[in-house]
> 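Following this message is one structure expressed as C-alpha cells.
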Amino acid sequence: MTDRQVFFDDVSAGEQIPALNVTVDETQLFFFSAATYNGHRIHYDKQWAHEEGYDDVLVQGPLQAALLARAVGDWIGGRGRLVSFSVQNRAVAYPGESLQFGGVITGTRLADGGAGLVDLDIAGRRGDTVLMPGTATVQLPRRGTPA
C-alpha cells in the first residue's frame with residue numbers, strides 16, 4: 001500500500017489506476033494452493049498439467065483475483081474501502097509470465113449520505129490478453145472529511 005491517499009474529489013472517469021506488475025513463480029503457486037486448500041495438481045504438478053493439455057502448471061484464478069484486489073487496494077489507500085468486486089476467469093496464466101493488474105475509472109457518484117463512490121472496470125492481463133475482466137466499486141474519502 002502506498003502512503004498517498006487518493007480522494008474522491010481528485011479522480012474522474014477515464015483515469016487509469018496504477019498497475020500492479022507481478023511475475024508469479026512456482027513456489028508462490030504451491031504455497032497459495034496450500035493456504036487455500038486447493039489440492040488440484042494442475043497448479044503444482046507439471047506432468048499432471050501436461051497430461052491435462054497445458055504447457056505448464058497454471059496460476060490459480062483465485063490468486064489472480066487476489067492480485068487484482070491488491071492493485072485496487074493499493075490504489076485506494078488506507079481510508080478507501082472496497083464496496084464491491086466481481087471478476088471472471090477467462091484465460092490461463094503460467095508461472096514466469098509478466099502479469100499486469102489494474103483498471104480504469106468508469107464513473108464517480110455520491111451515495112446517500114454523501115459518500116464518494118468510484119466505479120471501475122478492472123482486469124488482469126498478460127500483454128494484450130485479458131485473463132480476468134471485472135468490475136469494482138470503491139468508496140474514497142472526500143477532502144475535508146475526518147480521517
> Are H43 and V57 packed together at the side-chain level, in the sense that at least one heavy-atom pair is separated by less than 4.5 angstrom?
no

> Kindly indicate whether the side chain of T135, heavy atoms from C-beta on, has any atom under 4.5 Å from the side chain of D121.
yes

> Report the residues that fulfil side-chain contact (heavy atoms from CB on, under 4.5 Å) with S12, sequence neighbours left out, ordered by chain and then residue number.
E15

> Report the residues that fulfil side-chain contact (heavy atoms from CB on, under 4.5 Å) with P62, sequence neighbours left out, ordered by chain and then residue number.
F32, Q60

> Using side-chain hydrogen bond (donor to acceptor under 3.5 Å, both in side chains) as the criterion, list what pairs up with S98, not counting sequence neighbours.
Q100

> Any side-chain heavy atom of R90 within less than 4.5 Å of one from V130?
no

> Just jot down the salt bridge (charged side-chain N to carboxylate O under 4.0 Å, His left out) partners of D45, sequence neighbours excluded, or say none.
R41

> Please name all residues satisfying salt bridge (charged side-chain N to carboxylate O under 4.0 Å, His left out) with R109, sequence neighbours left out, ordered by chain then number.
D119

> Would you mind listing the cluster partners of F30? Hydrophobic ones only (ILVMFWY), side-chain contacts under 4.5 Å, chaining allowed.
F31, Y44

> Sequence neighbours left out, what passes salt bridge (charged side-chain N to carboxylate O under 4.0 Å, His left out) with R126? Give chain and number order.
E97

> Quick one: list whatever passes side-chain contact (heavy atoms from CB on, under 4.5 Å) with L67, sequence neighbours left out.
L20, V22, V24, L63, R70, F101

> Measure the spacing between CD1 of I105 and CD of Q16 and express it to the nearest 0.5 Å.
9.0 Å

> Taking transitive links into account, so neighbours of neighbours count too, which hydrophobic residues share a cluster with V83 at under 4.5 Å side-chain distance?
L117

> Any non-hydrogen side-chain atom of Y94 less than 4.5 Å from a side-chain atom of L58?
yes

> Please list all pairs meeting salt bridge (charged side-chain N to carboxylate O under 4.0 Å, His left out) that have one or both residues in residues 17-26, counting only residues at least two apart or in different chains.
E26-K46

> Could you list the residues that satisfy side-chain contact (heavy atoms from CB on, under 4.5 Å) with R79, not counting sequence neighbours?
Q5, F7, P141, T145, A147

> Can you sort out the partners of R143 under salt bridge (charged side-chain N to carboxylate O under 4.0 Å, His left out), two or more places apart, ordered by chain and number?
D10

